[in-house]
Amino acid sequence: MMRRHGAFFLSCLLAFTAGHMFNYTVILYLQEAVGSDWLSGVGFGLAFGSSLVFGWFAGVLCDRVPPHRIIHGAQALFLAGLACLWWAQAGGATGRVGWTLGGAFLGGLAWSFVGPARLATIGQIASAEELRPATIVFNLQVLVGFGLAPLLIGLVRSRAGWEAVLAVAAGCFAAASLLLVRLRTRAVAQGAQASVLADIRQGFTTVAADPLLTQLMLAAILGYAMTGPLQILLPKLAREVLQLTELQRGAYLGLLALSLIAGGIAALALARRLHHGRVVLAGIGTGGLLFATLGLLTQAQQSALALAGVGLAGGLVISLVVAGIQARAPLALRGRVMAMYSIISQVVPALSGVAAGVLVHSTGVIRAVQWSGLALAGLVAMAAWRMVRLRQHGGNTA
């Protein structure tokens, strides 16, 4: 599998590393250069929240148009967003916030299309036997990119500044597109094309008719609810509570990513042995409780250990969830079904990130961390007993 699809997975790694560098740059720049936690939440919301508007159309487009073309277009939008961030940095204080938020919006537009397009591409290039492990490997590239991004930002920025960070991200996007020059996919929508709204409704009907698919989508919402607070609150926690240096902060955030990757690797290795539904629910609840403990820990070593537990649970849960959704998505509607998952993976972190920005502004970072973790654990406890089909889901595609 890796031999045949290695160029695609390497392209995923480069693109998602650059995409997460984009998001972290928006957050850190608005926190430090502008000095606003609230605006950092808004910036993160724009960088991921645009999917709530455009993601539905992206799913339809991925079924009507060869998805490899959509990947190239989305990465061009990322480059335009990076140009706006560069102008915000180079232009001084005048227009800084506007250009940064404008760049965040273009990045959000790109995120709306790139996730569904790459997931739809996997559905075409992978065989039936490869589909589930290929999707987990894809998710690993997302997690590795999430982990490399803060490390690269810390390393490059400490030596050359924000302009070099933006240049590295742009180079990754360009290389990601070059790796896909020979990739060919096809449109899968069958018959005469209805209106876009009718196609979107058909996607909703398909998901609603499958109880397990519906509950996997709900599990994805719960799993991604912690991502926004993690990205908004952890840099502030590392700086103000743990008092880490810039390089140490990069390593601390990188530890989260390493543990997310470890969780994804565990999912790949143990997928056939785990009872997926129970592991997903237990993993989300455990991750929320561990995140809440970060607000009580002031020693870097103890905090790092708890953070590693959060990441391990998160990587395992998300990998199992996305593989389950991909396996149950009908071929002719795969773009629309995977677009729903992509919207969840982008909008839920954005909304929770905005909420975390408001919460930290009003209560402080320690209480914001505690309340965020406990709220997630409570939601899982209340929802788990209703998700009967998910609790019964052992991991097979039936």
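Sequential numbering from 1 along the given sequence is applied to the chain's residues. Computed from a predicted structure; not experimentally measured.
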Linked, directly or transitively: L237 and L255 (ILVMFWY side chains, under 4.5 Å): no

Pair F78 + W111: ring centers closer than 6.0 Å: yes

Any L28 side-chain heavy atom under 4.5 Å of W162 side chain: yes

Under 3.5 Å donor-acceptor, S112 side chain and S51 backbone: yes

Minimum-distance pair of heavy atoms, taken over all atoms of H276 and R132: CE1-NH1, 3.9 Å

Exercise: identify the closest heavy-atom pair between L77 and A110: CB-CB, 3.7 Å

Contact check, side chains of P229 and V369, non-hydrogen atoms, under 4.5 Å: no

Side chains of T185 and R69, donor plus acceptor under 3.5 Å: no

Any side-chain heavy-atom pair of F291 and L307 under 4.5 Å: no

Minimum side-chain heavy-atom gap S372-L359 below 4.5 Å: yes

Backbone of G283 reached by a side-chain donor or acceptor of T286 within 3.5 Å: no

Side-chain (S352) to main-chain (V348) donor-acceptor, under 3.5 angstrom: yes

Rounded distance (nearest 0.5 Å) linking atom CG of L13 with atom CG of L148: 6.5 Å

Hydrophobic cluster of L155, others only, ordered by chain and residue number, side-chain cut-off 4.5 Å: none

Verify same cluster id: L233, Y24 (apolar side-chain graph, 4.5 Å): yes

Donor-acceptor contact present, side-chain Q370 to main-chain A292, <3.5 Å: no

Whether S319 side chain and L316 backbone form a donor-acceptor pair below 3.5 Å: no

Q75 versus F173, closest heavy-atom pair with distance: NE2-O, 3.6 Å

Any side-chain donor near an acceptor of the partner, Q326 and R334, under 3.5 Å: yes

Hydrophobic cluster membership, M21 vs L109, 4.5 Å side-chain cutoff: yes

Any side-chain heavy-atom pair of P349 and M226 under 4.5 Å: no

Electrostatic pair D63:R336 at N-O distance under 4.0 angstrom: yes

Any side-chain heavy-atom pair of L85 and F22 under 4.5 Å: yes

Q392 and L212, any side-chain heavy atoms less than 4.5 Å apart: no

Linked, directly or transitively: I284 and V388 (ILVMFWY side chains, under 4.5 Å): no

M340 CE to L216 CG distance, which is reported to the nearest 0.5 Å: 13.5 Å

Closest non-hydrogen atom pair, C12 against Q141: CB-CB, 4.0 Å

S342: side chain to side chain contact (heavy atoms under 4.5 Å, CB included) partners, not counting sequence neighbours: P116, L119, S345, Q346

Heavy atoms of other groups near R391 CZ, more than 12 under 6.0 Å: yes

Pairing residues for A209 by the side chain to side chain contact (heavy atoms under 4.5 Å, CB included) criterion, not counting sequence neighbours: none

Set of residues satisfying salt bridge (Lys or Arg N to Asp or Glu O under 4.0 Å) with respect to R157, sequence neighbours excluded: E32

Nearest atoms (heavy-atom pairs only) where A220 meets V321: CB-CG1, 3.8 Å

Aromatic ring proximity Y29/W99, centre distance under 6.0 Å: no

Between CZ on residue R118 and CE on residue M338, distance to nearest 0.5 Å: 14.0 Å

Whichever hydrophobic residues join L289 through chains of side-chain contacts under 4.5 Å: L374

Parallel, tilted or perpendicular: rings of F8 and F138 (30°, 60°): parallel

Side-chain donor or acceptor of R273 paired with backbone N/O of A269 under 3.5 Å: no

Backbone N/O of Q299 and side chain of S303: donor-acceptor pair under 3.5 Å: no

Value rounded to 0.5 Å, distance of CG in L151 from OG1 in T17: 10.5 Å

Results of side chain to side chain contact (heavy atoms under 4.5 Å, CB included) for A117 - residues two or more places apart only: C62, P67, I70, I71

Any donor-acceptor N/O pair, E130 side chain to S127 backbone, under 3.5 Å: yes

Residue pair I136 / A323: nearest heavy atoms and the distance that separates them: CG1-CB, 3.7 Å

Side-chain heavy-atom pair M217, V337 within 4.5 angstrom cut-off: yes

Joint hydrophobic cluster, L312 plus L268, side-chain heavy atoms closer than 4.5 Å: no

Side-chain donor/acceptor of R182 to backbone N/O of L179, under 3.5 Å: no

Whether H68 and H72 hold their rings parallel, tilted or perpendicular, with breakpoints at 30° and 60°: perpendicular

L351 CG to T227 OG1 distance, which is reported to the nearest 0.5 Å: 12.0 Å

Gap between atom CD1 of I125 and atom CG of L131 - 0.5 Å precision: 10.5 Å

